[in-house]
Amino acid sequence: MNHSHHMATTSDPHAGHQHPTTSGSHGDHGGGSGMHMMAMTFYFGYENVEVLFTGLVINSAGEMAGAFVAVFLLGLLYEGLKISREALLRKSQVSIRYNSMPVPGPNGTTLMETHKTVGQRMFSLPHMMQTLLHIIQVVVSYFLMLIFMTYNAYLCIAVAAGAGTGYFLFSWKKAVVVDITEHCH
């Protein structure tokens, strides 16, 4: 079994820097395909950009444009899932309990602060839907993180632009509760 590796560098004319690659026999570990070292600096390339899965490689400006749109939509989906889960939670509130507690007010007065506690049943359809949406949201968030970790600037911009646009589109109606006693934001 030959474990020797031959280091080579391939230059992407659009990136402006070198991309190290490793080629050689990998025995039972890689099935003969080359192993790529991950870029550790941001670059604007669109050739030989591997995304998420082996074989999913961007090699042209058109493929990068398609990937940009797909990643943008994935970021949009992530924000949409967050807001959808919150809306579903509000709709599925089963029991509401109010708790009051005294808090210091201005000039030595005492104010009563009331908190609403909401509960739901574990095996209810809304909770099962919440769980499924949570799993999808976690998977999408890890995909976005791994895409960002390619350090390809086009894909990083797509992640940020998709998440920002998703927040803008979906979060504008979200009720925001401001706790005036909270000092860490």
Side-chain angles (χ1 to χ4, degrees), residues 29-31 33 36 38-40 42 46 49-103 111-185:
H29 303 294
S33 65
H36 299 278
M38 192 168 87
M40 297 304 289
F42 289 100
Y46 55 79
V49 180
E50 195 166 37
V51 183
L52 294 178
F53 301 102
T54 303
L56 186 56
V57 181
I58 298 167
N59 282 311
S60 70
E63 289 175 357
M64 180 56 77
F68 186 96
V69 170
V71 170
F72 178 89
L73 293 174
L74 200 61
L76 199 75
L77 171 68
Y78 175 76
E79 291 297 326
L81 280 170
K82 284 192 335 187
I83 300 305
S84 297
R85 287 185 56 222
E86 290 175 15
L88 181 61
L89 182 62
R90 282 192 297 276
K91 287 181 183 178
S92 66
Q93 295 174 351
V94 174
S95 62
I96 300 174
R97 188 173 65 232
Y98 293 93
N99 299 319
S100 296
M101 59 186 279
V103 294
L111 302 173
M112 293 302 285
E113 188 175 87
T114 303
H115 297 273
K116 180 167 79 168
T117 305
V118 178
Q120 62 181 353
R121 291 184 209 96
M122 185 188 305
F123 293 105
S124 65
L125 182 60
H127 184 63
M128 299 295 224
M129 287 298 298
Q130 281 281 347
T131 303
L132 178 64
L133 289 175
H134 177 74
I135 291 168
I136 294 168
Q137 183 183 344
V138 167
V139 170
V140 169
S141 70
Y142 278 117
F143 278 0
L144 290 170
M145 177 196 67
L146 290 171
I147 290 167
F148 205 94
M149 287 176 60
T150 65
Y151 287 98
N152 182 282
Y154 295 123
L155 297 179
C156 293
I157 291 167
V159 169
T165 303
Y167 180 84
F168 179 78
L169 293 175
F170 301 123
S171 296
W172 69 275
K173 289 173 66 174
K174 185 170 108 172
V176 177
V177 177
V178 178
D179 182 0
I180 61 170
T181 63
E182 178 63 46
H183 299 292
C184 298
H185 296 282

> Can you name the residues that form a side-chain contact (heavy atoms from CB on, under 4.5 Å) with Ala67, not counting sequence neighbours?
Replying inline: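 With sequence neighbours excluded, Ala67 shows a side-chain contact (heavy atoms from CB on, under 4.5 Å) to Ile58, Leu155, given in chain and number order.
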>> Can you list everything that forms a side-chain contact (heavy atoms from CB on, under 4.5 Å) with Met129? Sequence neighbours excluded, please.
In response: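 Checked Met129 against side-chain contact (heavy atoms from CB on, under 4.5 Å); matches are Leu88, Leu125.
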>> For the CD1 atom of Ile147 and the CG atom of Leu52, what is their distance to the nearest 0.5 Å?
In response: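 Ile147 CD1 to Leu52 CG: 4.5 Å, rounded to 0.5 Å.
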> What pair of heavy atoms forms the shortest contact from Phe42 to Cys156, and how long is it?
Replying inline: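 Minimum heavy-atom contact is CE2-SG, 3.5 Å.
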>> Minimum heavy-atom separation for Phe170 and Ile83, please, with both atom names.
In response: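 Taking Phe170 first and Ile83 second, the nearest heavy atoms are O-CG2, 3.5 Å.
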> Among pairs that include at least one residue of residues 140-163, which meet salt bridge (Lys or Arg N to Asp or Glu O under 4.0 Å), considering only residues two or more places apart or in two chains?
Replying inline: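 Listed once each, the pairs would be none.
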> With sequence neighbours left out, which residue pairs that include part of residues 62-76 fulfil the side-chain hydrogen bond (donor to acceptor under 3.5 Å, both in side chains) condition?
Replying inline: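 Matches after skipping sequence neighbours: none remain.
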> Pairs in or reaching into residues 64-83: which pass side-chain hydrogen bond (donor to acceptor under 3.5 Å, both in side chains), with residues at least two apart or in two chains?
Replying inline: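 Qualifying pairs: Glu79-Lys82.
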> Do the non-hydrogen side-chain atoms of Val51 and Asn152 ever get within less than 4.5 Å of each other?
Replying inline: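 No. Closest side-chain heavy atoms not under 4.5 Å.
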Side chains of residues 131-144: which donor-acceptor partners sit under 3.5 Å, not counting sequence neighbours?
residue : atom : partner : partner atom : Å
Thr131  : OG1  : His127  : O            : 2.9
His134  : ND1  : Arg85   : NH1          : 3.4
Gln137  : OE1  : Arg85   : NH1          : 2.8
Ser141  : OG   : Gln137  : O            : 3.4
Ser141  : OG   : Val138  : O            : 2.7

